[in-house]
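Every value quoted in this text rests on a predicted model; they were computed, and no experiment measured them. For the single chain, residues carry numbers from 1 onward in sequence order. Every number for a ligand or one of its atoms is a count from 1 in the order of the listing.
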Amino acid sequence: MLESADTNSDDTAKCPGLLGGSDDLLEQVRNDWSREEIEKVFMLPFNDLLFKAQTVHRIWFDPNKVQMSTLLSIKTGGCPEDCGYCSQSVKFDTGIGASALMSVKDVLETARQAKEGGASRFCMGAAWRNPKDRDMGAICSMIEGVKSLGMESCMTLGMLTKSQAEKLKSAGLDYYNHNIDTSRRYYKKIISTRTMDDRIETLDKVREAGLNVCCGGIVGMGESREDRIDMLHTFATMPSHPQSVPINMLVRVEGTPLGESNSIDPFDFVRTIAVARITMPKSVVRLSAGREKMNEEFQALCFLAGANSIFIGEQLLTTPNPELSKDKSLFGRLGIEPMSSHECPSEI
Ligand code: SAM
Ligand code: DTB
Ligand code: SF4
């Protein structure tokens, strides 16, 4: 086990890259991280932090492979929740109206195009507080169709009942995305219509149904470093680490309460990625929303810090993402290649 950073803080300064112990001890996957240990890692000198993150990354992953997913909003706008960052809440005037659930045929045509564009996973998102049972038939047909294209599937539909989670699993769903978004303390400033515990409950149901968990958060909502450390501590001490950890940089949407937020220090964003990599060594860490506003050097630092998944395609749910040609050029310059599904660790 890694020694507590508390016991060897002087050594850490003399021995960059190690928090104590030898590199082969970094192979351990731990769910017993203390908040203090995570804070110590977060606050390391930047070069030491990146060295350590890259060391851990190389134990578990090919450092030049990045998993590529494409995202589609299968049901846009009109959501009754009040998440302060979101373009799709009915509570904010963002110019995005409510539309109906897309047809299975249209979803599968978009999935086919995503596969042609190089995506190995197709992620579908709905602006719901929770799915209605009457929608589950269409949702399951979408999952079956995506699987028959030879792609992995991911859904994010809001809160689930036990039986809905089981239905998704039976349809062949690989991942369910449900984010905690931020620290427990800051959460109340961002969302009032459902609690952090509601989200944790859904995550438990997803895990118990045997689905891979995709759970992450957003950085840049005005939260403090303390909040980022708390959020990372929550992920790292879950009963098992989420198999996929999306770290989103807030996309500021006009009309939302967070539309005018100050931008985050890029180095703090990179630190968040690096700490996710170190504390959840086997998880795929996704450099998720926000790439449109990052330059190539910023993204390269995120990959160096251990991010190994992205969304490709020009649209996230309702906001833009870099053009495919720009991503292809960046990957060419960095020598990054797509990670195939069988290289992507999962529990199922
Ligand atoms: N309605 C479902 C839910 O909230 O779980 C699924 C869709 S919701 C849009 C999925 C996630 O996208 C949110 O939990 C949040 O982390 C992320 N997200 C939404 N809007 C964002 C924004 N403007 N910037 C960054 N991330 C955002
Ligand atoms: C996640 O953590 N990020 C994605 C996905 N899970 C569903 C969503 C990002 C949404 C960005 C804002 C938008 O496009 O509306
Ligand atoms: Fe609704 Fe999800 Fe947006 Fe929150 S994040 S308002 S639940 S679509």
Would you indicate whether the side-chain heavy atoms of [Y] and [X] approach each other to under 4.5 Å?
| X | Y | value |
| --- | --- | --- |
| Glu292 | Thr319 | no |
| Leu211 | Tyr175 | no |
| Gln67 | Arg121 | yes |
| Lys115 | Phe122 | no |
| Leu304 | Gln54 | yes |

**Prompt:** Below 3.5 angstrom, do we get any N/O pair linking Gln88 and ligand 1?
**Reply:** no
**Asked** What do you reckon, does Asn179 have a nitrogen or oxygen under 3.5 Å from a nitrogen or oxygen of ligand 1?
**Response** yes
Quick one: do the [X] and [Y] side chains pair a donor with an acceptor below 3.5 Å?
| X | Y | result |
| --- | --- | --- |
| Arg277 | His57 | yes |
| Tyr85 | Arg252 | no |
| Thr318 | Ser87 | yes |
| Gln164 | Asp133 | yes |
| Thr193 | Asp82 | yes |

**Request:** Kindly say whether Glu337 contributes a backbone atom to a donor-acceptor pair with the side chain of Lys65 at under 3.5 angstrom?
**Result:** no
**Message:** Taking Leu203's backbone N and O only, do any of them form a donor-acceptor pair with His178's side chain (distance below 3.5 Å, no angle check)?
**Reply:** no
Examine ligand 1 and decide if any of its atoms is less than 4.0 Å from a heavy atom belonging to [X].
| X | result |
| --- | --- |
| Ala126 | yes |
| Arg194 | yes |
| Gly125 | no |

**Message:** Looking at Arg35 and Glu39, is there a salt bridge between them, counting it only when a charged N and a carboxylate O are closer than 4.0 Å?
**Reply:** yes
I need the nearest protein heavy-atom contact for [atom]: residue, atom name and distance, please.
| atom | result |
| --- | --- |
| atom 6 (C) of ligand 1 | Thr156 OG1, 3.1 Å |
| atom 14 (O) of ligand 1 | Asp181 OD1, 3.3 Å |
| atom 27 (C) of ligand 1 | Ile218 CD1, 3.7 Å |
| atom 18 (N) of ligand 1 | Tyr85 CE1, 3.9 Å |

**Prompt:** Are Arg194 and ligand 3 in contact, using a heavy-atom cut-off of under 4.0 Å?
**Reply:** yes
**Numbering as shown, the atoms of ligand 1 that approach Leu317 to under 4.0 Å (heavy-atom distance)** = 9 (C)
**Message:** Within the 4.0 Å heavy-atom shell around Val251, which atoms of ligand 1 are there?
**Reply:** 22 (C), 23 (N), 24 (N), 25 (C)
**Asked** Given Arg184, which of Asp227, Asp230, Asp197 fulfils the salt bridge (charged side-chain N to carboxylate O under 4.0 Å, His left out) condition?
**Response** Asp197
**Message:** Applying side chain to side chain donor-acceptor pair (under 3.5 Å), can you list everything that pairs with Gln88, at least two apart in sequence or on another chain?
**Reply:** none
**Message:** Using the side chain to side chain donor-acceptor pair (under 3.5 Å) criterion, which residues pair with Glu116? Sequence neighbours excluded.
**Reply:** Arg112
**Message:** Check for me: within less than 2.8 Å of atom 1 (Fe) of ligand 3, which protein N/O/S atoms show up?
**Reply:** Cys79 SG
**Item:** Structural part of Arg129 in contact with ligand 1, heavy atom criterion under 4.0 angstrom
**Value:** neither
**Fill in**
One finds that the ligand 3 atoms under 4.0 Å from a non-hydrogen atom of Tyr85 are 5 (S)
**Request:** Anything with a heavy atom under 4.0 Å from ligand 2 counts, so go ahead and list those protein residues by chain and number.
**Result:** Leu71, Ser87, Thr156, Asn177, Asn179, Pro246, Asn248, Ser288, Ala289, Phe311, Leu316, Leu317, Thr318, Thr319
